[in-house]
Protein chains: 2
Amino acid sequence: MASAKRKPSPADTLVLEEFLPYRLSVLSNRISRAIAARYAKTFDLTIPEWRVIAVLGRRPGLTAKEVAEATEMDKVAVSRAVARLVASKRVASREDRNDARKQSLTLTAQGESVHARIAPIALAAEERLLETLSSRDREQLDALLDHLLEAAKRL
Amino acid sequence: MASAKRKPSPADTLVLEEFLPYRLSVLSNRISRAIAARYAKTFDLTIPEWRVIAVLGRRPGLTAKEVAEATEMDKVAVSRAVARLVASKRVASREDRNDARKQSLTLTAQGESVHARIAPIALAAEERLLETLSSRDREQLDALLDHLLEAAKRL
DNA sequence: ACGATTTAGTTTCATTTGCAACCAATGGCA
DNA sequence: TGCCATTGGTTGCAAATGAAACTAAATCGT
């Protein structure tokens, strides 16, 4: 396998194929695109919209701000995704009783249906990626990702 | 730490924060943005341009096609990045002697200089991310990434 | 109670990107 | 040789993204 064959290069030489940020970017793109390909056309749904649906599916009633925090999308992206989702009647937004600036967002029945149909597709894709890893490896991966996510905040 | 605290959710529930593609996307974005922030303005360089420079720095004379393969960028992105780099005199392109469609790309002295100044910045950022990992962890990470990159091809 | 600040969310505009169609040169082969 | 398919690369257009300015509502300090 590649990593075994690769001979380490001098510490001051940047080899793109070995460069962590680059490899993560390629990996993330490959996966996201592969998964999105399975639902984008069928459901006419963008990745940001899917993320909004995913988070509202489990945590109904969030405001746009909270969705932005939960998904790490910026508020403009959320605003646009929500606008499309409301237009397509997949999300309902009602004004907060005590703060007219906020609106609480929930999935409509249609939104729920989309959620219910895509979640298994997404989970199956994830499982296909992970199925060849031992459960030990999975734990390692999980821990490493947590670690890196945290470390990356501090960059 | 987070992964230790997280209680596993039912296998059929998609929890965005635990979803591998999502976590990779967040991680990759955080890192890329942090690093790009350090050179983008100073050098007036986009990420695709930087990738082209990085690969030409180590493998001069590639064609645009080969750069696209080496960087996993699509050929349009390469074409545009190269066009900008040629305009800014960081890359020289000369026509292939036996195939007029191809052009062999190399860094100019200016391009080399950019490469020489950015590589250490990029490597230092990578090192900051990895410095808290044991060398065992680093190997694990390397192996897991290889594995996932391979598995993701098959999606 | 009232102006200054902050907060939630939207709009605008300039860039970036991604896809498909395209052009030009080459290779294959009848 | 002459035509078709393929390959390397560019262009054009439509959609996605990001930064900054903006609106409207709520809060704070006096």
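Below, chains carry the letters A, B, ... as their sequence lines are ordered, and counting in each starts from 1.
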| task | Identify, between E69(B) and P48(A), the residue whose nearest nucleotide on DNA chain D lies closer to the 5' end. | result |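 Residue closer to the 5' terminus by nearest nucleotide: E69(B).
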
Can you measure [X] atom [atom1] to [N] atom [atom2] for me and round it to whole angstrom units?
X: E66(B); N: dT7(D); atom1: CD; atom2: P; value: 15 Å
X: N98(B); N: dT26(C); atom1: CG; atom2: P; value: 9 Å
X: K65(B); N: dT26(C); atom1: NZ; atom2: P; value: 16 Å
X: R51(B); N: dT17(C); atom1: CZ; atom2: P; value: 10 Å
X: R33(B); N: dT16(C); atom1: CZ; atom2: C1'; value: 12 Å
X: K102(A); N: dT10(C); atom1: NZ; atom2: P; value: 15 Å
X: D74(B); N: dA21(C); atom1: CG; atom2: C1'; value: 15 Å
X: K41(B); N: dT15(C); atom1: NZ; atom2: C1'; value: 16 Å

| task | Could you work out which one of dT11(C), dG12(D), dA16(D) sits closest to the side chain of V76(B)? | result |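 Selected nucleotide (nearest to the side chain): dG12(D).
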
| said: From C-beta outward on R80(A), which listed nucleotide comes closest to its side chain: dA19(D), dG18(C), dT17(C)? | reply: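 Selected nucleotide: dA19(D).
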
| said: Between R51(A) and S25(B), do the side chains contain a donor N or O and an acceptor N or O under 3.5 Å apart? | reply: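 Yes - a donor-acceptor pair under 3.5 Å links their side chains.
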
| said: For Q110(B) and S113(B), which I'm curious about, is there any donor-acceptor pair between the side chains at under 3.5 Å? | reply: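 The criterion, which ignores hydrogens and geometry beyond distance, is not satisfied for S113(B) and Q110(B).
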
| Testing E131(B), E126(B), E127(B) for salt bridge (charged side-chain N to carboxylate O under 4.0 Å, His left out) with R138(B), which one passes? |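 Going through the options one by one, the only one that passes is E127(B).
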
| Ion pair check, E49(B) and R84(B), cut-off under 4.0 Å |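 Result for this pair is yes, salt bridge flagged.
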
| Side-chain (E66(A)) to main-chain (T63(A)) donor-acceptor, under 3.5 angstrom |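 Looks like yes, one N/O pair under 3.5 Å.
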
| task | Would you tell me if any nitrogen or oxygen in the side chain of T63(A) comes within less than 4.0 Å of OP1 or OP2 on dA8(C)? | result |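 Indeed not, no polar side-chain atom of T63(A) lies that close.
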
| field | Phosphate OP1/OP2 of dT10(D) contacted by Q103(B) side-chain N/O (<4.0 Å) | value |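 For dT10(D), OP1 or OP2 has a side-chain N or O of Q103(B) closer than 4.0 Å.
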
| field | Touch class at under 4.0 angstrom, heavy-atom based, for K75(A) against every strand present | value |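 Base, at least one base atom sits under 4.0 Å.
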
| message | At less than 3.5 Å, do the side-chain atoms of R101(A) and the base atoms of dT7(C) form a donor-acceptor pair? | response |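 Counting by modelled atom types and ignoring angles, a donor-acceptor contact under 3.5 Å is found here.
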
| task | Hey, which sits more toward the 5' end of DNA chain C by its nearest nucleotide, A77(B) or A83(A)? | result |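 Of the two residues, A83(A) wins.
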
